Number of protein chains: 2
Amino acid sequence: MNLSPLSQDFVLHFGEMGSRWGINRTVGQIYALLFVSAKPLNAEEIADALQFSRSNVSMGLKELESWHLVRLQHLPNDRREYFSAPEDVWAIFRTLADERRKREIDPTLSMLRDALLATPANDEDKFAQKRMTEMHNLIEMATSWFNDVQRLEPETLKQLMKMGTKVTKLLEMKDKIKVVAGGKTSIGVSR
Amino acid sequence: MNLSPLSQDFVLHFGEMGSRWGINRTVGQIYALLFVSAKPLNAEEIADALQFSRSNVSMGLKELESWHLVRLQHLPNDRREYFSAPEDVWAIFRTLADERRKREIDPTLSMLRDALLATPANDEDKFAQKRMTEMHNLIEMATSWFNDVQRLEPETLKQLMKMGTKVTKLLEMKDKIKVVAGGKTSIGVSR
DNA sequence: CTATAGTTTCAGTAATTACTGAAACTTCAC
DNA sequence: GTGAAGTTTCAGTAATTACTGAAACTATAG
């Protein structure tokens, strides 16, 4: 691998973590390489830098494309495809969250919905359904909330996160604040 | 498998999803079984219900214990160990999030911190470090926020989630609200 | 202490997943 | 069209991970 020690560590680490994140080592390393690379790279360069076979790189890139985690572009007077990781880390975060939700949550939600429609055959089924309902409701709420929050402007989100749990202070206040419908917001102490 | 079709579907689904969640099929199924089961089960019963070898169950339970996802208990006049999934789905959610953070995020954060301490050898390293900084900051902020939010009372959290993006309305207001230090909250329009 | 019920470990094997290199396919300049 | 450059597919193989059954270990009742 013809990379600086700094990048190399980063790339290798992502390879290792890949397995914990449900992507394979190759894919993790390719992504890491693109992430720290200042310029887009073509498949040949990637294969060379990481010492993978050309076809392995091709499959890895395909995988990354399916995750919407790389951008494909062409350089003038060059037929080869160049790949890069999106610059905006927030966008990456969002993409990752979306994709994981699609793969890891949605199928479960839909299975749960089906299960909850079924008529319980006995007491055990009734209990099982109760548990499934709890699980369904929690997942439903958490994901839809996450979904909402996720699409806030990065700046707003940042502000929100920086507040941390202080946001609950606002919640406590909520009851005392009256928001007048119709665009204009008036603040006053109720009661 | 001697389970009702309802539970069986649930258990099999968790087995399948297991692989996407970084746990294996066996472990996923064991967990699902415990989750929908009204009473704690011993290893024998689990092996029997899921048609796994006794030792496979033993290893699966060990794995689940390491994730803090099952409770071990003893029944009176019975030497066998009985296992159950915690009843509170919020607690499960929290545990899961904690464990995943430990395994999937923390190592990366620490690697990034190390990398950021290194002296860049050239321009490429400088660029790489810039990218790593962005990633580090984002992960740091997101996880510590998540951490905070996660430990709120379930009720508060629920309330927060139900509000969805409306929370930003409160944010907009924030500037106009003055919180007086010292316990008592006074509300007034600033400027 | 011994017998027995219960649990864990581990070496061997099965199943799955990742990777390679050769061949097929695609695209484009000429 | 032809050929060269680039990309993808895929069958075979390597590497990894999951699973089993037998043996070792542990705890307890008597």
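Residue numbers start from 1 in every chain, and the chains themselves are labelled A, B, ... in the order their sequence lines are given, proteins ahead of strands. On a predicted model such as this, the values are computed, not experimentally measured, just so you know.
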Review point. Contact class for Glu44(B) (heavy atom, under 4.0 Å): base, sugar-phosphate, or nothing?
Key: nothing
Check your understanding: Once you round it to whole Å, what is the distance between P of dA5(C) and CD of Glu81(B)?
Key -> 17 Å
Review point. Phe52(A) has an atom CZ; how far is it from atom P of dT20(C), in whole Å?
Key: 7 Å
Check your understanding: What is the distance, rounded to the nearest whole Å, between atom CG of Asp78(A) and atom P of dG6(D)?
Key -> 7 Å
Exercise for review: Looking at every strand, decide which applies to Arg25(B) at a 4.0 Å heavy-atom threshold: base, sugar-phosphate, or nothing.
Suggested key: sugar-phosphate
Revision key, fill the gap. Between Arg54(A) and Met59(B), the residue closer to the 5' end of DNA chain C by nearest nucleotide is Met59(B)
Point to revise | Per Thr26(A) side chain, nearest of listed nucleotides dT9(C), dT20(D), dC19(C) | key: dC19(C)
Practice item. Using a 4.0 Å heavy-atom cut-off across all strands, classify Arg80(B) as base, sugar-phosphate, or nothing. Key: sugar-phosphate
Check your understanding: Are side-chain N/O atoms of Glu81(B) and His74(B) paired as donor and acceptor at under 3.5 Å?
Key -> no
Exercise for review: Give the intermediate values and the outcome of side-chain hydrogen bond (donor to acceptor under 3.5 Å, both in side chains) for residues Gln73(A) and Ser84(A).
Suggested key: CA-CA 8 Å; Gln73(A) 58 194 295; Ser84(A) 59; 3.0 Å; yes
Review point. So which one's nearest nucleotide on DNA chain D is more toward 5', Lys62(A) or Ser19(A)?
Key: Lys62(A)
Point to revise | Distance, rounded to the nearest Å, where His74(A) contributes NE2 and dT26(C) contributes C1' | key: 12 Å
**Study point:** Parallel, tilted or perpendicular: ring planes of Phe93(A) versus Trp90(A), cut at 30 and 60 degrees
**Key:** perpendicular
Practice item. May I ask you to verify if any side-chain N or O of Asn24(A) is less than 4.0 angstrom from the OP1 or OP2 atom of dC19(C)? Key: yes
Practice item. Identify the residue among Asp48(B), Ile46(B), Val57(B) that makes a side chain to side chain contact (heavy atoms under 4.5 Å, CB included) with Leu41(B). Key: Ile46(B)
**Study point:** Toward the 5' end of DNA chain C, by each residue's nearest nucleotide, Asn56(A) or Arg79(A)
**Key:** Asn56(A)
Review point. Do Ile92(B) and Met135(A) have side chains that get closer than 4.5 Å, going by heavy atoms?
Key: no
**Study point:** Between dG6(D) (P) and Gln73(A) (CD): distance, integer Å
**Key:** 17 Å
Review point. In whole angstrom, what separates Leu72(A)'s CG from dT27(C)'s P?
Key: 13 Å
Point to revise | Value in whole Å for how far the C1' atom of dT7(C) lies from CD of Glu65(B) | key: 11 Å
Check your understanding: For dG21(D), does OP1 or OP2 lie under 4.0 Å from any side-chain N or O of Ser53(B)?
Key -> no
Point to revise | Interatomic distance, Asn77(B) CG vs dG30(D) P [rounded to whole Å] | key: 11 Å
